[in-house]
Amino acid sequence: MQAKPSTLKVLDVVSLILLGISTYLALVFAPTEAVMGEVQRVFYFHVATAWVGMLGFMAAGVSGIIYLRTGDLKWDRVEIAAVEISLVFFFIAIVLGSIWARPVWNTWWTWDPRLTTAAITQLIYIAYFMLRQGIEDPDRRARFGAVYTLVGAVSVPITFMAIRLFRTIHPVVIGTESAEAQGGFNMTADMRVAFFFALFAFTVIFVDLFWNRIRMGTLADKVEQLKLKVMQ
Amino acid sequence: MTESTLTTTTHRPAKSSFWKAIAAVAWKDLAAELRSRELLSAMLVFSLLVILIFNFALELDIATRRSVTSGVLWSTFAFAGTLGLNRSMAIEKDRGCLDGLLLAPVDRSAIYFGKVISNLAFMLIVEAIVLPIYSVLYNTNLFQPGLLLVILLGSVGYVAVGTLLASMAVQTRTRDVLLPILLFPVVVPVLIAAVKASGGYLTGAPMTDILPWLNLLIAYDVIFTAIAFMVFDYVVEE
Amino acid sequence: MFFLETPPDTSQYMVAGYAISFGVMLIYVASLFIRYRNLNRDMSMLEEMDKDK
């Protein structure tokens, strides 16, 4: 058993500290939004977790392609780690979006492009795990997983565009269309600090979790190989 | 039978043999289906039952019919489509045809395109029978060139992805239940665009409203045919 | 607008939101930890069995 690299140990601690600071900035430092009240504070983590979900989604697609190119099972472990983290963080983002939507739009769920696309991504990833579960042979499992993540990675942006052809009520907070949709708002300087810090903190958290999860996959594969060797 | 013709006619994969192989695979399926008719009859009866269920679930009177016809049609096609895809790939797997095909010295993607053509043919035949029945039952004219184009484009996209995923699904333990779970979340764009475009033609919406959906369908068809073409090798590799 | 009403009290939603975020993250990290520990245990057990052979 390899000892945990010290860089990773440091990263674990840094992630925790960043999460703490980010929580402080979001809950205490940032001013209360005038129209929506306290619930707007959910926004910082909502966007940050969705961002992590996106990072995981992209990492999964890329590692899927690399796996198909190289056939190296290492990339399969990277892919499954990315999918798992993306699944967890998109889930948080969707729940936070729902919680925000309830007081602001008076509904738990809206068929908004981003929210719906995130939900469909979840379905794709659940299907991904079901697909993997049904296959015994590790090589085939990795190949099918990579093909399916690739198909998902291409279809999700198209899904997003398709849903966006419907009218959206999701507020665009950054950019020129600001505050056009109901529930939008202009960020003050302090809000920006909390917002960008949350993005940064969650990016580091993503790297940390990703690394840990990949190491776990490596260990799991070693255990599997050893099991085969011992059982003979 | 057909596998042996495949092996004997194509020693070296050349351009013309690629097309011949596609035709041979597609023809093998169509000829087998012509004899047994089990796939088509199952898909057809199933689609009629889905329409029957929708009839009572939604109370398809004249007012609702206007707005939901395209949705009902596409749900029917999507459900019947999974039935057909699953069956057509499962037959290959069970009878060992897939292994035979893979031994044949032809480009693997020829097998994919052959299967796409036969699956598409099945789907189009079912649609060609469902449409007039729906027209008669609900006194709506569904035979508009625009609508037929949408149905063709939507079916191509659906089958292009469906054939790829079905060939994965039949190689798993949970194959019968897995295909719709794999397929539906990734064909969402096809279904949205097809429902919207068909709805547009049925309600006489201006072309500017329909065109984006048609473009989306065409883009999806092209992209996913290309992807499936590139990755099919990995799906059938032993 | 001077008589802008005070913002509605939506703090319960905020609390729920943060509780769920931290809850889910905690569960995930705990699951990583537990899976890791189980794998380590399996590993040492298998290594011993391998040595005995």
Side-chain angles (χ1 to χ4, degrees), chain A residues 57 61 64-71 75-76 79 83 87 90 111 113 116-167, chain B residues 157-158 160-197 200 209-228 230-238:
Chain A
F57 172 78
I65 293 172
I66 299 178
Y67 173 75
L68 289 180
R69 287 244 148 242
T70 60
W75 291 102
D76 182 53
E79 175 197 290
V83 168
L87 192 66
F90 265 139
W111 293 100
T116 311
T117 310
I120 290 172
T121 313
Q122 296 264 292
L123 290 174
I124 291 178
Y125 284 162
I126 293 169
Y128 169 86
F129 282 114
M130 291 175 76
L131 173 68
R132 291 185 74 105
Q133 243 163 28
I135 308 167
E136 312 281 347
D137 176 43
D139 276 319
R140 175 180 289 172
R141 187 166 54 210
R143 261 187 285 120
F144 283 18
V147 167
Y148 194 62
T149 31
L150 180 60
V151 170
V154 176
S155 86
V156 164
I158 304 179
T159 305
F160 178 71
M161 284 190 289
I163 303 172
R164 199 159 71 168
L165 280 174
F166 289 98
R167 203 176 61 86
Chain B
Y158 185 89
V161 183
T163 304
L164 177 72
L165 296 184
S167 29
M168 297 205 295
V170 293
Q171 296 181 58
T172 64
R173 244 185 294 126
T174 44
R175 58 192 208 176
D176 290 332
V177 285
L178 200 57
L179 178 64
I181 292 170
L182 291 177
L183 180 57
F184 286 158
V186 294
V187 289
V188 168
V190 171
L191 295 180
I192 293 175
V195 167
K196 278 293 182 184
D209 287 0
I210 303 175
L211 207 59
W213 299 113
L214 285 182
N215 288 338
L216 192 78
L217 277 177
I218 293 170
Y220 188 97
D221 290 0
V222 171
I223 292 172
F224 275 95
T225 311
I227 289 183
M230 288 186 286
V231 299
F232 190 70
D233 261 6
Y234 300 109
V235 168
V236 291
E237 202 173 277
E238 276 312 309

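Within every chain, numbering begins at 1; the chains are lettered A, B, ... in the order of the sequence lines, protein sequences first and strands thereafter. Since we're looking at a predicted model, the values are computed, not measured.
The contact between B:Val188 and chain A is made entirely by side chain atoms (from C-beta outward), counting heavy-atom distances below 4.5 Å. Heavy-atom distances place no part of B:Phe184 under 4.5 Å from chain A, backbone and side chain included.
The CG atom of A:Leu150 sits 7.5 Å away from the CE atom of B:Met230 when rounded to the nearest 0.5 Å. Remark: A:Arg143 CZ to B:Asp233 CG distance equals 10.0 Å, nearest 0.5 Å.
Listed options A:Ile135, A:Ile126, A:Asp139, A:Val151 were ranked by heavy-atom pairs under 4.5 angstrom with chain B; first place goes to A:Val151. Chain A forms more heavy-atom pairs under 4.5 Å with one residue of B:Thr174, B:Val235, B:Leu216 than with any other, namely B:Val235. With respect to chain B, the highest number of heavy-atom pairs below 4.5 Å among A:Val147, A:Leu123, A:Leu68 belongs to A:Leu68.
Counting heavy atoms from C-beta on, the side chains of B:Arg173 and A:Glu136 come closer than 4.5 Å. Considering only heavy atoms from C-beta on, B:Leu182 stays 4.5 Å or farther from A:Phe144 through its side chain. At least one side-chain heavy atom of A:Met130 sits under 4.5 Å from a side-chain heavy atom of B:Ile181.
Across all their heavy atoms, B:Pro185 and A:Ile120 have their closest contact at O-CG2, 3.5 Å. Counting all heavy atoms, side chain and backbone alike, A:Ser155 lies closest to B:Pro189 at O-CG, 4.1 Å.
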